[in-house]
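Heads up, the thing below is written out as C-alpha cells.
The chains referred to below are lettered A, B, ... by the order of the sequence lines, with proteins before strands, and numbering in each begins at 1.
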Number of protein chains: 2
Amino acid sequence: MHSTNQFCTVCGQSTSLFNYGAMCCSACSSFFRRSLSVKTPLRSCQNSELCFKQYNRAVYAECKFCRFHKCVQVGMLNTQKYSDLPKLMHELSHLDEERKKKTVNMTIPECFDLSSIFNYTSIKFAKKSPNLHLSSHDWGCMHQLTSMEFIKTFQFIKFLSMQDLKIFLKRTHFNHVLFSTAMASFSCKQDFMSFPDGTDVFPESIANVTCYNPHFLNRIRCKLMARMIELNITTSEYLLLSAIIFCNSVSTDLSENGRTLINSYQKVYGSLLFQYCEETNQKNGPLRFSELLSVCHAVAKTHEDIKKFFLLFQVYQPEAQPVQLHQDVIEYLSM
Amino acid sequence: MHSTNQFCTVCGQSTSLFNYGAMCCSACSSFFRRSLSVKTPLRSCQNSELCFKQYNRAVYAECKFCRFHKCVQVGMLNTQKYSDLPKLMHELSHLDEERKKKTVNMTIPECFDLSSIFNYTSIKFAKKSPNLHLSSHDWGCMHQLTSMEFIKTFQFIKFLSMQDLKIFLKRTHFNHVLFSTAMASFSCKQDFMSFPDGTDVFPESIANVTCYNPHFLNRIRCKLMARMIELNITTSEYLLLSAIIFCNSVSTDLSENGRTLINSYQKVYGSLLFQYCEETNQKNGPLRFSELLSVCHAVAKTHEDIKKFFLLFQVYQPEAQPVQLHQDVIEYLSM
DNA sequence: TAAAGAGGTCACGAGGTCAG
DNA sequence: CTGACCTCGTGACCTCTTTA
Ligand SMILES: [Zn+2]
Ligand SMILES: [Zn+2]
Ligand SMILES: [Zn+2]
Ligand SMILES: [Zn+2]
C-alpha cells in the first residue's frame, strides 16, 4: 500500500487518481462525469452556495450544486471534449448557422413567453412571412433574442444558478449581437454594419433631426468592422472569438461560483483559439492570437458607443421611442 | 540530456528512436504495433481524413484512422513480418490453397448475403454437391467471389475505409481471377485457359453465332498462358506476383490514404519478389524479376480483351445473358 | 559486448454498468 | 443518484534478440 499522501481536491478522500484535470477520488470523478452528461440544469443550493465553505470535506453529498462547483474550482474539465478541435469547430459552426437561420427566417410569435428569455429553456420563435419588412428596432430585438438563444446552447449554461444566468445573459448578449452582426456584414464585403437585409443599425427616425454627430454614428457603424477587415478574420476564428467574447464579462454581480465557471470556460476557448492560431499560422500564431483578442476590445468599445447613442436618442427624440409590436420585449430586456 | 533535435515523423514529439522503418516516438511506435495486431477494421475518420493535414502535429485527441495512415505515410511497416520470406511464402501458399479448395468445392448458398462481398467480413459459401455441373457463368462468378475472399484476407485490408475497400475490390479482383485461372490451367499443362473441370471460359452459347473472331477468343484463352509457359513460372513466383497484381490498381477513385497504403504494400511485395529472384537465380535475378513483372501487363491486356468480349457478347447475344441461379450476384458485382 | 529495435507488460485515465 | 467495479486504449518502461 503506497498511499501517496494525496487527497481528493474536492472531498478530501485519500486517493492517488488524476481525473478530468485534477487530483480527485473515483467518486468525485464519477459525479463530475454524470453532471456533464445530464441534460437538466443543476438544482440550486439551499445554503447560499456555502456548503463547501462551511463544512469543507463533510456533507458534500447533500448539495450537488456546491459539489459540482467545487469540482470546477479545483480545475476539473471535460478534457476529452475540449481537446478535439475539429469536432468542436464543427459543432460551433452548426450552432452559429442555426442562429443565423433563426435571425433571418423567424420572428417573435404573437403569444410570446417572456420568461423563456432568461430561463434555461430555449426561446420559441414563429416563422416570418417572407414579405414582412422589419424596422431597425425589430431587427435589433431579434438579434438580441437569437444571440441569447445561441449563448444558452453552450454546455456550461446549465451549471449557472437561475440568477447568474439572467445576469450573465444581460451583461454579455449585446456584445455577441454586435460581433455577429459585424461578421455577417463582413461576409457581405461591407465596410459598415447593417442588418441582413441592408437596414441601417440606427432607427430611420434619426434622419429627422440633425443633432447627432455623423462621425459618432459612423464610428459605431465602421470601427469594429475596420478592425475585422484589417485582420481579415476567418469563420473559425470568429466562432472561437464569439465564445471568448461572451465569456468575457466577469461581472461582479455574478456569484463567485458563476464567475469561476465562466472564467474557466473563457480560458478553455482562449487556449483553443491559441492552439488554432499556432496550427494555422505556425510561427506567427501568438501574434495572430493577440491581434484577434484585440477584437474583444473593439467590440466592447462599440458597445459603449451604442449605449451613449441610445441615451442621446432618448433625449433628442423621446417621441420616436419604439412603440411597435415588441416594445414589451425591449422593456423586459432592459429591466 | 542529449535530445538529438530529432522529432517523431508522426506526431512531432521530440525523440531519437527509429521504429518500424521511421523516426517515431515510443507512443506512436506502440500505437502502430497495436494497430497491426488488432483484428477489427479501423473505425473510420469523422473529419474527412484530414486530422493530420489541417493540424499537423495533432495535440488533441486524434482519430486512430488518421494517426495510423500518417504512420503508413511516413513509411512505417511491419518490418519483421515482411523480412521472413519463407514464412510469408508458406502463408501465401496456404491462403491460395484455401482459395482453390473453395472455388472447386463450394458454391453460393441459397440465402446469400450480398453485402458481405464488399464488407470486411468473409464471404459465407455453401458445400457444392459433387455432381452439380457449373456453367461458364457459374464458374466465373465463383472465381470472382473466391478471389475477393482471398484478397480480403490480406492484413492491410482492415486499414482501408469501407468506401476504399469497395473501390479497391471492384478495381482489382478480376485481374486476380484471370491470373489464378491461368495458373491453374498452367499447372494442368494446358496451353489455354479453362475452368477447373475443363469448361471453356466463354459461355457455351457463343457457338450459336459466328460473329466472334476466333483469333480474338483464342488470344484471350492463350496469350497470358503463353507468357507464363515461356517463363515457366513457379508457384512461389505466382504467389508473390498475385499480390503485386492486385495491389497494382492505384485508382484515383481511392482516397489518398488508401492509395498510399496499397502502394506501400505493392512495394513490399515487389521487393520480396526481387529478393526471391536474387536468391533463386543469383546473377540473373534482376532479369527474371523484370520478366515476371511483364506478366502484370499480360494480365492487364487480357483483362481489356475480356471487357471487349463482354461488350460484344451483350450486343451479339442479348438473349444469352446469364439468367442462371446467381444473376443477382453478377448484377451486384457490376454495380 | 554494446547499442538498436522489436515486442511484452502494466499502471493510468476515460467511460460504461449496475446493485443498492 | 451514488460509487464500486469493469473494460479498453494508451504510452512509459522493460526484456529479449540481433548485429556490428
Ligand atoms: Zn472526492
Ligand atoms: Zn450547496
Ligand atoms: Zn509520435
Ligand atoms: Zn481523422
Any chance the side chains of Asp113(B) and Ser115(B) put a donor and an acceptor closer than 3.5 Å?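 There is such a pair (donor and acceptor under 3.5 Å, judged by atom type) between the side chains of Asp113(B) and Ser115(B).
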
What's the [atom1]-[atom2] distance between [X] and [N], to the nearest Å?
| X | N | atom1 | atom2 | value |
| --- | --- | --- | --- | --- |
| Asn19(B) | dC14(D) | CG | P | 16 Å |
| Arg43(B) | dT10(D) | CZ | P | 13 Å |
| Phe68(B) | dT10(D) | CZ | C1' | 17 Å |

Take the angle between the ring planes of Phe274(A) and Phe289(A) and call it parallel below 30°, perpendicular above 60°, tilted in between.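 Perpendicular.
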
Using the ring of each side chain (for Trp, its six-membered ring), is Tyr265(A) parallel, tilted or perpendicular to Tyr82(A), with breaks at 30° and 60°?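 The rings of Tyr265(A) and Tyr82(A) stand perpendicular, inter-plane angle above 60°.
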
Answer with base, sugar-phosphate or nothing: what part of the nucleic acid does [X] contact at a heavy-atom distance below 4.0 Å?
| X | answer |
| --- | --- |
| Arg67(B) | sugar-phosphate |
| Ser29(B) | nothing |
| Ser26(A) | sugar-phosphate |

Can you figure out which of [options] approaches the side chain of [X] most closely?
| X | options | answer |
| --- | --- | --- |
| Gln80(B) | dG7(C), dG11(D), dG3(D) | dG7(C) |
| Phe18(A) | dA6(C), dG13(C), dG11(D) | dG13(C) |
| Lys64(B) | dG15(C), dT10(D), dG11(D) | dT10(D) |
| Ala27(B) | dT9(C), dG11(D), dA14(C) | dG11(D) |

If you take atom types as modelled and just measure distance, does the side chain of Arg33(A) reach the base of dG3(D) with a donor-acceptor pair under 3.5 Å?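 Answer no: no donor N or O sits under 3.5 Å from an acceptor.
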
Is a donor-acceptor contact shorter than 3.5 angstrom present between the side chain of Arg34(A) and the base of dG3(D)?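 Side chain to base: pair present.
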
Please confirm whether Arg67(B) makes a cation-pi placement over Phe31(B), using NZ or CZ under 6.0 Å from the six-membered ring centre and within 45° of the ring normal.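 Positive - Arg67(B) is close enough to the ring of Phe31(B) and near enough to its axis.
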
